[in-house]
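Everything below concerns the one structure shown next.
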Amino acid sequence: MPPRIPLSARPALALKPTTQQLSVRTYAAVSTASPTQPPSHRAADSRKTQLHRTYLSLLRSTPLMLVFQHNNLKAVEWSALRREITAALAKLTPAGEHDAIAEHTRINVIRGGVFSAAMGVAEIYDKQGGKEHGTSKEAYKLTNKKRQKHPLSPLLDGPVGIVTFPVMSPPHIKTVVDIMFPEGRAVKGLDPLALSGIQKLILLAARVDGHAASGSIGTGRVVDGKMVRWVSALPGFEALRGQVVAMLQSVGGADLVRTLEALPVSAVRTIDAHRKVLSGELDVKPEGEGEAEAKPAESS
C-alpha cells in the first residue's frame, strides 16, 4: 500500500477567479411611489395605510361608535354573534320593508395604534382645516404628538373592536347593547356559540362624532357605558313625534297649530297683494283722494 502524503506537504493550489465569480448582479431600482395614489407618510399600498384610510372614513361618517374589548373569541363565535345581531335588527322593521340602518350596522375588530392615529386626524387635523389628505406627511406631523392626549387612547391598548351605526337610532342601539353587553342575564334563545362569545366582551366607551351628528368638524365626544344605555332607552324618532303631537292636542295644541299655520298664510297674502299693486292689477287710491272728491259733492 503506497504511503500517504501528509496534508502539510501538499502544494497549495492557486485558484484563479473565474468570469462568473467576477461578475456582479445588478438590479434596477424600483420606486415605491404609487402612480395612482397621492404621496403618503407610509407606502401607499401598505396594510397600515389602507387600514388608516378605512378607519378615517368610519370616523368621519359614523355618528355613534361603540368601543369594546374582546378576549380571544373564536371565528365561529364571531360568526354566531353577527348572525344573532342581524336577526334581531331585522325584527325592528315590518316584514317586506328595507331597513338601511340594520344593513349598515357593522362589527369590526380594529388595530388600536392605527385607529388612534386615524382618530387624531379626524379630530385634530380636520379641525384645523388641513388641506392635505389624511395619510399625508403634514397630517402625521401635526397629529403625532397630540393623539396621546385623547380620552380614548388608553382604551385602545389590547384587543379592541367597534360597532358602528349609520345614524342615531335608539331602538337599534338598544338591540345591539342588550345582546352584546347585557347587564344581567343574556337574551333568551341565542346560539350557544354566541353566548360563549358574549361572555368575553366588555363595553368600554362610545364615541359620538360631530362630523355626522352636528355638522361641526373635530368635535367628537367620548361617553361611558351608562350614557350609552341611557341613550338606548330613549324611544325612536317616530315615537317622539307621536308624543309631541299628542301633547299639543291635549293641552290646547289645536289652537296653537292653527295660529302657527295662519302666520305664513297671512304673510303670503300680504306679499301677493303688494305684488298686484306694483304690477297694476289692483287699483289702490292714495289716502286723501277719496275725501277730496267727497267735499265738492257735499257743497253742491
Side-chain angles (χ1 to χ4, degrees), residues 46-119 152 155-209 212 223-225 228-229 231-233 236:
S46 66
R47 175 65 174 169
K48 287 187 176 181
T49 302
Q50 300 300 327
L51 287 176
H52 188 282
R53 292 175 178 173
T54 302
Y55 296 158
L56 186 58
S57 177
L58 286 175
L59 289 166
R60 287 173 172 173
S61 60
T62 305
L64 178 65
M65 181 181 299
L66 305 181
V67 182
F68 64 92
Q69 178 182 349
H70 61 90
N71 299 311
N72 299 324
L73 267 75
K74 300 179 181 178
V76 290
E77 294 174 344
W78 280 118
S79 300
L81 182 60
R82 289 188 173 96
R83 185 168 55 250
E84 292 293 342
I85 290 178
T86 301
L89 292 176
K91 297 178 181 179
L92 299 177
T93 307
E97 296 185 7
H98 177 68
D99 190 358
I101 302 176
E103 181 181 359
H104 294 89
T105 300
R106 295 285 186 270
I107 302 176
N108 298 309
V109 177
I110 63 174
R111 296 179 62 175
V114 182
F115 188 84
S116 179
M119 189 167 52
L152 274 181
L155 303 178
L156 298 178
D157 295 334
V160 182
I162 57 174
V163 183
T164 56
F165 299 89
V167 296
M168 289 285 292
S169 177
H172 292 78
I173 299 172
K174 179 176 176 56
T175 301
V176 174
V177 171
D178 289 345
I179 293 178
M180 296 185 63
F181 318 106
E183 288 186 315
R185 294 183 178 180
V187 179
K188 296 182 180 180
L190 295 181
D191 191 332
L193 292 175
L195 290 174
S196 177
I198 290 170
Q199 297 176 1
K200 305 174 185 178
L201 302 178
I202 301 174
L203 178 61
L204 300 177
R207 178 182 181 273
V208 182
D209 181 57
V223 297
D224 57 2
V228 172
R229 298 184 188 278
V231 172
S232 65

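The residues of the chain are indexed from 1 along the displayed sequence. No hydrogens, no waters, no symmetry mates; every other heavy atom, side chains included, goes into these values.
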Pairs under 3.5 angstrom only: tabulate donor-acceptor contacts from the side chains of residues 178-187 to other protein residues two or more places apart or in another chain.
{"from": "Asp178", "atom 1": "OD2", "to": "Lys174", "atom 2": "NZ", "distance (Å)": "3.3"}
{"from": "Glu183", "atom 1": "OE2", "to": "Arg229", "atom 2": "NE", "distance (Å)": "3.4"}

Original post:
Can you check side-chain contact (heavy atoms from CB on, under 4.5 Å) on Leu89 and Val176, steps first, answer last?
Top reply: CA-CA 8 Å; Leu89 292 176; Val176 174; 4.2 Å; yes
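- For Lys91, the NZ atom sits in a loose shell: 12 or fewer heavy atoms of surrounding residues, nucleotides or ligands are nearer than 6.0 Å.
- Contact of the Arg111 side chain with the Arg47 side chain is registered, since non-hydrogen atoms from C-beta on lie closer than 4.5 Å.
- Between Thr105 and Pro166 there is a side-chain heavy-atom pair separated by less than 4.5 Å.
- Ring-plane geometry between Trp78 and His70 is classed as perpendicular, the angle between the planes exceeding 60 degrees on a 0 to 90 degree scale with a lower cut at 30.
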Subject >> Val160 vs Phe115, side-chain contact (heavy atoms from CB on, under 4.5 Å): CA-CA, chis, key distance, verdict >> reply: CA-CA 10 Å; Val160 182; Phe115 188 84; over 6 Å; no
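- Using a 4.5 Å heavy-atom threshold, the side chains of Leu66 and Val177 count as touching.
- Lys200 places a side-chain heavy atom less than 4.5 Å from the side chain of Glu77.
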**OP:** Decide yes or no on side-chain contact (heavy atoms from CB on, under 4.5 Å) for Leu92 and His172, but give the supporting numbers first.
**Re:** CA-CA 8 Å; Leu92 299 177; His172 292 78; 3.7 Å; yes
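- For the atom pair Ser169 OG and Asp99 CG, the distance stands at 7.5 Å (nearest 0.5 Å).
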Subject >> Ile162 and Thr164: CA distance, side-chain angles, deciding distance, side-chain contact (heavy atoms from CB on, under 4.5 Å) verdict >> reply: CA-CA 6 Å; Ile162 57 174; Thr164 56; 4.0 Å; yes
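- By the 4.5 Å heavy-atom criterion applied to side chains, Leu204 and Ile202 are counted as neighbours.
- For the pair Glu97 and Thr93, the tightest heavy-atom approach, listed with the atom from each and the gap, is CB-CG2, 3.5 Å.
- Residues Met168 and Val231 are in side-chain contact: their nearest non-hydrogen atoms beyond the backbone lie under 4.5 Å apart.
- In this structure, the side chain of Thr175 engages the main chain of Pro171 through a donor-acceptor pair within 3.5 Å.
- Using a 4.5 Å heavy-atom threshold, the side chains of Met65 and Leu59 count as touching.
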Which pairs of donor and acceptor atoms, one on a side chain in residues 79-87, lie under 3.5 Å apart (sequence neighbours left out)?
{"from": "Ser79", "atom 1": "OG", "to": "Ala75", "atom 2": "O", "distance (Å)": "3.1"}
{"from": "Arg82", "atom 1": "NH2", "to": "Ile107", "atom 2": "O", "distance (Å)": "3.1"}
{"from": "Arg83", "atom 1": "NH2", "to": "Asp191", "atom 2": "OD2", "distance (Å)": "3.2"}
{"from": "Glu84", "atom 1": "OE2", "to": "Asp191", "atom 2": "N", "distance (Å)": "3.1"}
{"from": "Thr86", "atom 1": "OG1", "to": "Arg82", "atom 2": "O", "distance (Å)": "2.9"}

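- In this structure a side-chain-to-backbone donor-acceptor pair under 3.5 Å is missing from Ser57 to Arg53.
- Counting only heavy atoms from C-beta outward, the side chains of Tyr55 and Asn108 never approach each other to under 4.5 Å.
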